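Because the structure is predicted, anything quoted here is derived from the model rather than measured. Sequence lines set the chain letters: A, B, ... in the order given, protein chains first and strands last, and positions in each chain run from 1.
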Amino acid sequence: MPRLILHVDLDAFFAAIEQRDHPEWQGRPVVVGAQPGQRGVVATCSYEARRFGVHSAMSITQAARRLPPETIYVRPRMAHYARVSEQIMAVLAAFSPEIERVSIDEAYLDITGLTALVGPPEVIGARIKTGIRQAVGLTASIGIGPNRLIAKLASDCHKPDGLTVVLEEQVADFLAPMPFSVLRGLGVKTAPRLARLGVKTLGDVRELSLETLRRQCGARAGTQFYYQARGIADDRLYPDRERLSISKETTFPKDVTDPRVLEETLHWAAREVAWTARQTGHLGRVVTLKIRFFPFETHTRSRSRKVPTADERDLYRIAWSLLASEANWIGRPVRLIGLGLSGWSQPTTGQQLDLFETAETGRNPADKGLTETLDAIRHRFGAEAIQRGLHLHHQDN
DNA sequence: TCTGGGGTCCTAGGACCC
DNA sequence: TCTGGGGTCCTAGGACCC
């Protein structure tokens with residue numbers, strides 16, 4: 001008995017919210033992401049902007065060259081989008097308790113048992129779209145199929161505001177003409193390897209042996225592609241997945257060589273990560289330092305502790321010592337720095353009490369009141385501002 | 001041409017233990 | 001002196017996704 005999986009994907013989510021909230025921006029190109037002239041990329045853009053060839057992950061410099069002067073550029077308001085996302089998830093939850101949220105604007109539903117109650121898949125999909133429009137005034141694209149892969153590809157099929165149903169007996173014809181670039185897990189590195197084999201469509205991928213695919217793309221990915229081309233994929237949902245790591249990082253507007261700025265930024269990252277960890281009840285054993293040098297050379301260094309922690313002082317101390325122990329890194333221009341926490345383990349009784357206090361009072365017991373934002377650190381690029389920051393920092397200690 | 005931030009997963013080598 | 005196989009943990013890098 002085949003299952004029926006539904007994939008919901010909000011159309012140009014961030015940009016659509018901004019246009020909804022600013023009616024005068026409707027019909028104009030809207031880019032959510034970095035500001036032109038800054039370092040950064042397009043997070044999402046409206047369909048009016050896509051007509052100029054602009055898309056997510058494109059550098060903002062490149063996007064700005066293509067877009068007309070009347071384009072609106074806005075910084076993401078993530079907390080706001082998260083609230084809208086909650087409203088949408090509530091709409092979905094009213095349809096089926098079997099939901100897996102995969103990102104801020106995407107979710108899978110298992111609607112296998114729903115057809116007997118509501119009607120055919122098309123009707124279920126249409127009702128969900130209506131529910132979302134009534135609740136938040138946004139459009140979504142929906143795909144329905146016998147597994148996650150088909151549902152996802154179907155939702156991409158008729159964007160925006162699409163609704164596509166692919167039944168099991170239609171899967172082979174649905175997939176065969178699609179470009180092989182739709183394969184999940186195939187990116188800029190593996191795509192050229194398949195292209196070299198003369199592959200253009202999923203039908204072509206089907207002609208390749210499992211051996212060839214594994215050799216060209218790696219054991220894991222190759223196997224995945226072999227089955228994906230045949231429409232064979234997971235049809236289960238994985239709700240309530242626990243997150244495995246917490247991290248905070250930032251790219252500097254200009255490469256940094258001043259160690260005091262790196263120090264301050266790691267303090268900020270440690271504070272943010274510690275705060276999130278404590279709020280979500282996580283204590284980690286592994287602290288990871290991430291650093292990116294000019295022009296774009298990225299390294300990570302990690303250390304495992306015996307005792308798990310969510311204390312910003314521990315995070316900072318470890319990250320800084322990982323940085324300081326690399327003799328070759330000293331003095332090199334740094335583009336990005338940050339740190340992460342992972343490797344959860346059960347808290348001790350004392351730690352449980354601290355976590356409980358955080359949850360109850362909303363205060364971090366390790367936080368002595370010096371709350372800085374990323375913007376505040378950015379403002380410290382002037383020598384004067386850096387001095388002031390250090391002064392505050394010393395007072396704090 | 002320039003490449004954010006927050007994630008997950010995979011690979012591969014080495015240490016260490018049985 | 002030469003040398004098994006398996007399992008787990010740790011670490012670093014990198015591909016990919018939204």
Side-chain angles (χ1 to χ4, degrees), chain A residues 7-15 31-45 53-66 75-76 78 81-82 85 101-108 148-149 152 155-156 181-193 214 217-225 238 241-253 255 265 269 272-273 276-277 280 282 285-306 322 325-326 335-343 345 374 378:
Chain A
H7 182 249
V8 193
D9 192 345
L10 274 290
D11 302 316
F13 189 51
F14 301 169
V31 173
V32 182
Q35 291 291 309
Q38 283 183 342
R39 278 178 163 173
V41 297
V42 175
T44 319
C45 60
V54 173
H55 54 81
S56 297
M58 178 182 266
S59 90
I60 199 72
T61 312
Q62 200 178 354
R65 270 201 290 268
R66 294 173 180 235
R75 300 284 304 169
M78 293 309 296
Y81 309 152
S85 178
R101 187 178 178 170
V102 288
S103 75
I104 196 166
D105 71 335
E106 267 184 64
Y108 288 98
R148 303 166 66 97
L149 172 74
K152 168 87 179 167
S155 73
D156 278 336
S181 55
V182 303
L183 287 168
R184 313 296 302 157
L186 178 121
V188 288
K189 297 289 173 177
T190 34
R193 297 194 211 162
R214 288 171 66 104
C217 310
R220 188 81 189 195
T223 309
Q224 285 292 318
F225 298 161
Y238 302 88
R241 285 191 49 169
E242 192 194 10
R243 99 157 127 176
L244 301 174
S245 66
I246 297 167
S247 63
K248 205 80 191 176
E249 66 186 47
T250 189
T251 295
F252 297 111
D255 295 341
T265 311
E272 294 284 325
V273 168
T276 305
T280 53
H282 286 102
R285 294 179 48 246
V286 184
V287 178
T288 303
L289 167 78
K290 179 172 173 182
I291 192 163
R292 177 171 290 151
F293 295 109
F294 171 86
F296 205 76
E297 180 190 320
T298 311
H299 297 277
T300 59
R301 291 290 182 272
S302 64
R303 183 175 299 159
S304 295
R305 292 162 47 100
K306 276 249 160 35
L322 286 167
S325 59
E326 296 286 340
R335 181 187 173 97
L336 166 152
I337 199 164
L339 67 83
L341 184 65
S342 58
S345 38
L374 176 56
R378 284 199 170 125

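- With sequence neighbours excluded, the residues that form a side chain to side chain donor-acceptor pair (under 3.5 Å) with A:T223 are A:R214.
- Legend: residues meeting side chain to side chain donor-acceptor pair (under 3.5 Å) with A:S247, ordered by chain and number and at least two apart, are absent.
- Residues passing the ring-ring contact (aromatic ring centres under 6.0 Å, His included) test with A:Y81 are A:F14, sequence neighbours excluded.
- Pairs engaging residues 285-297 of chain A under the side chain to side chain donor-acceptor pair (under 3.5 Å) rule: A:E249-A:K290, A:R292-A:T298, A:E297-A:H299, A:E297-A:R332 [sequence neighbours left out].
- Listed by first and then second residue, the side chain to side chain donor-acceptor pair (under 3.5 Å) pairs that reach into residues 32-43 of chain A are A:Q38-A:R75, A:R39-A:D255, sequence neighbours excluded.
- A search for ring-ring contact (aromatic ring centres under 6.0 Å, His included) contacts involving A:Y108 returns A:H7, not counting sequence neighbours.
- B:dG4 and C:dA15: their P atoms are spaced 16 Å apart (whole Å).
- Considering only residues two or more places apart in sequence or on other chains, A:F294 meets the ring-ring contact (aromatic ring centres under 6.0 Å, His included) condition with none of them.
- Of the two residues near DNA chain B, A:F14 and A:G218, the one whose nearest nucleotide lies more 5' is A:F14.
- Residue A:V286 is out of contact with every strand shown, counting any heavy-atom pair closer than 4.0 Å.
- On the nucleic acid side, DNA chain C has its first and last nucleotide under 4.0 Å of a heavy atom of chain A at C:dC10 to C:dC18, going 5' to 3'.
- Under the rule for a salt bridge (charged side-chain N to carboxylate O under 4.0 Å, His left out), the partners of A:R305 that lie at least two apart in sequence or sit in another chain are A:D314.
- Separation of the P atoms belonging to C:dC16 and B:dT1 is 22 Å when rounded to the nearest angstrom.
- Across all strands shown, A:R241 has heavy atoms under 4.0 Å from sugar-phosphate atoms exclusively, and none from any base.
- For the segment residues 292-300 of chain A, residues with any heavy atom less than 4.0 angstrom from an atom of DNA chain C are, sorted by number, A:H299, A:T300.
- With sequence neighbours left out, A:D9 forms a side chain to side chain donor-acceptor pair (under 3.5 Å) with no residue at all.
- Residue A:R285 is classed as a sugar-phosphate contact, given heavy-atom separations below 4.0 Å to backbone atoms only.
- A donor-acceptor pair under 3.5 Å is absent between the side-chain atoms of A:T190 and the main chain of A:L186, judged by distance alone.
- DNA chain B is contacted by both A:R335 and A:R220; A:R335 maps to the nucleotide lying nearer its 5′ end (nearest heavy atom per residue).
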Given the rule in the side-chain hydrogen bond (donor to acceptor under 3.5 Å, both in side chains) test, do A:S325 and A:R301 qualify, once you have shown the distances and angles that lead to the verdict?
-> CA-CA 10 Å; A:S325 59; A:R301 291 290 182 272; over 6 Å; no
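- Glycosidic conformation of C:dC2 is anti; the angle lies outside 90° of 0.
- Helical stems of DNA chain B (runs of at least 3 Watson-Crick or G-U pairs, donor-acceptor distances under 3.5 Å) are listed by first residue: B:5-18 with C:5-18.
- Residue A:K290 is classed as having no contact, given no heavy-atom separation below 4.0 Å to the nucleic acid.
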